[in-house]
Peer 1: 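Right, I'll just put the structure down here and ask away after.
Values in this document were obtained by computation on a predicted structure and should not be read as measured data. Proteins get letters first, then strands, A, B, ... in listed order; numbering begins at 1 in each.
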2 protein chains.
Amino acid sequence: MPDPDVIDLPNFLPYRLAVATDAVSGRLARRYREEFDLSIPEWRVMAVLARFPEISANEVAERSAMDKVQVSRAVAQLLRSGHLDRRADAADRRRTMLSLSPSGQEIYRRIVPMARAYEQDLFARLSDREADILMQALVRLSQP
Amino acid sequence: MPDPDVIDLPNFLPYRLAVATDAVSGRLARRYREEFDLSIPEWRVMAVLARFPEISANEVAERSAMDKVQVSRAVAQLLRSGHLDRRADAADRRRTMLSLSPSGQEIYRRIVPMARAYEQDLFARLSDREADILMQALVRLSQP
DNA sequence: TGAAATTAGTTTCAAATGAAACTATCGTTG
DNA sequence: CAACGATAGTTTCATTTGAAACTAATTTCA
């Protein structure tokens with residue numbers, strides 16, 4: 001019977017969640033880095049732009065759970081490595097419209113199977129029902 | 001029906017996990033900081049020492065999913081703020097035995113109800129069965 | 001209209017983090 | 001027992017990250 005005055009870290013939800021994310025993100029980050037020389041923020045930007053081409057940096061931020069500073073830095077790096085194209089918005093010259101360059105599309109095309117396979121590897125540890133409940137629980141925990 | 005060539009970030013498990021952890025840890029970190037002026041690594045060290053008094057820094061690292069550098073830095077800070085006591089191990093003078101100081105115990109005693117209440121707040125978003133499945137799923141995802 | 005407030009995005013500076021090197025002590029074995 | 005390797009913990013240095021300040025363009029509204 002657990003002592004109510006002492007917290008058992010391995011059973012403490014925020015800790016367990018952080019440990020799981022460290023493990024899952026860590027392995028994935030290593031693959032992005034080794035196989036594609038991308039950081040996770042860079043990958044997120046590419047993933048958003050693959051799904052929503054020609055959007056602004058701010059819209060990328062909204063769709064990737066990153067702030068505008070993170071996006072700005074990831075975009076700068078992706079421009080350096082040639083995976084992104086950027087053009088000024090004629091209607092509002094503060095905004096810049098972003099999209100994957102041909103090289104970015106090519107890399108993205110190669111990332112997708114790896115990312116899917118990795119995700120499948122994770123889901124293989126769970127039954128379908130457990131996976132559903134997990135995904136839904138994570139959404140609930142994300143709410144403010 | 002989902003496009004197999006495009007990944008939908010909000011439904012991608014590693015992303016959803018990272019977003020949930022950011023939310024959960026972020027809110028908690030803010031409270032530790034505001035109410036107790038502690039970082040999460042410092043809190044982890046204290047939580048481990050409350051449960052396992054008089055252990056070495058290495059043992060703290062093993063029990064807190066941190067590496068020895070993180071533990072060393074957190075311990076240094078906790079010594080500065082007076083929440084930890086440290087004494088050399090007579091048998092092995094490389095090791096130092098750590099424990100919560102009276103002030104550390106006092107802080108810990110005040111943290112526990114806050115941390116439990118916060119965790120309860122999270123679990124309140126889930127049914128008991130969902131919570132069980134979530135906790136178990138997180139353990140499975142943490143495995144190498 | 002035009003000054004003030006807002007928005008998009010970047011840069012700066014300080015603090016946090018990670019990897020590798022380092023110090024000190026201990027254990028092992030020739 | 002002396003040299004060598006292993007272990008506990010710290011420090012250094014480079015990179016990453018976060019918060020705030022900044023620039024440039026746009027919108028608001030007196």
Peer 1: Report yes if some heavy atom in the side chain of B:R63 is under 4.5 Å from a heavy atom in the side chain of A:L9; otherwise report no.
Peer 2: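 No, too far: nothing below the 4.5 Å cut-off.
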Peer 1: In whole Å, I'd like the distance from the CG atom of A:D92 to the C1' atom of D:dA24.
Peer 2: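 To the nearest whole Å, that distance equals 11 Å.
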Peer 1: Once you round it to whole Å, what is the distance between P of C:dT17 and CZ of B:R44?
Peer 2: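 Answer to the nearest Å: 11 Å.
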Peer 1: From CG of A:D89 over to C1' of C:dG9, roughly how many Å is that when rounded to an integer?
Peer 2: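 Answer to the nearest Å: 13 Å.
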Peer 1: Backbone N or O of A:K68 within a donor-acceptor pair of the A:S72 side chain at under 3.5 Å?
Peer 2: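 No, the answer is negative, given that no donor and acceptor are paired below the 3.5 Å cut-off.
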Peer 1: Have a look at B:V69 and say if it touches a base, only the backbone sugar-phosphate, or nothing, with a 4.0 Å heavy-atom cut-off.
Peer 2: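 Base, at least one base heavy atom under 4.0 Å.
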Peer 1: Identify whether the distance between the nearest side-chain nitrogen and carboxylate oxygen of B:D37 and B:R33 falls below 4.0 Å.
Peer 2: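 Salt bridge flag = yes for B:R33 with B:D37.
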Peer 1: Mapping A:D67 and A:A91 to their closest nucleotides on DNA chain D, which lands nearer the 5' end?
Peer 2: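 Looking at DNA chain D, the more 5' nearest nucleotide goes with A:D67.
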Peer 1: Donor-acceptor pair under 3.5 Å: do we get one between B:R93's side chain and the base of C:dT25?
Peer 2: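 No pair found.
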Peer 1: When you check the phosphate oxygens OP1 and OP2 of C:dA8, does a side-chain N or O of A:S56 lie under 4.0 Å from one of them?
Peer 2: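 For C:dA8, OP1/OP2 do not have a side-chain N/O of A:S56 under 4.0 Å.
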Peer 1: Please state whether the phosphate of C:dG9, meaning OP1 or OP2, lies under 4.0 angstrom from any side-chain nitrogen or oxygen of A:T96.
Peer 2: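 Looking at the OP1 and OP2 atoms of C:dG9, one of them is under 4.0 Å from a side-chain N or O of A:T96.
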Peer 1: Quick one about A:H83 and A:S101 (side-chain donor to acceptor, distance below 3.5 Å, no hydrogens or angles considered), yes or no?
Peer 2: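 No.
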Peer 1: OP1 or OP2 of C:dA15 sitting under 4.0 Å from any side-chain N/O of B:R73?
Peer 2: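 So the side-chain polar atoms of B:R73 never come under 4.0 Å of the phosphate oxygens OP1 or OP2 of C:dA15.
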Peer 1: I want to check one thing: is the phosphate of C:dA8, taken as OP1 and OP2, less than 4.0 Å away from some side-chain N or O of A:S72?
Peer 2: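 For C:dA8, OP1/OP2 do not have a side-chain N/O of A:S72 under 4.0 Å.
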Peer 1: How close do A:L49 and A:L98 get, counting heavy atoms only, and between which atoms?
Peer 2: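 Taking every non-hydrogen atom into account, CD2-O, 3.6 Å.
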Peer 1: Rounded to whole angstrom units, what separation is found between the NZ atom of B:K68 and the C1' atom of C:dT25?
Peer 2: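 Interatomic distance, NZ of B:K68 to C1' of C:dT25: 13 Å.
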Peer 1: Out of C:dG9, D:dT10, C:dG18, which nucleotide sits closest to the side chain of B:R86?
Peer 2: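 Comparing C:dG9, D:dT10, C:dG18 against the side chain of B:R86, the answer is D:dT10.
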Peer 1: D:dA8 P sits how many Å from B:N58 CG, rounded?
Peer 2: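 Nearest whole value for this atom pair: 4 Å.
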Peer 1: Measure CE/A:M97 against P/C:dA8 and give the value in whole Å, please.
Peer 2: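 Interatomic distance, CE of A:M97 to P of C:dA8: 12 Å.
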Peer 1: What is the distance from CG of A:D22 to P of C:dT17, rounded to the nearest Å?
Peer 2: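 One finds 11 Å between P of C:dT17 and CG of A:D22, rounded.
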Peer 1: Please report the distance, rounded to the nearest Å, between CG in A:L38 and P in D:dT16.
Peer 2: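 Interatomic distance, CG of A:L38 to P of D:dT16: 13 Å.
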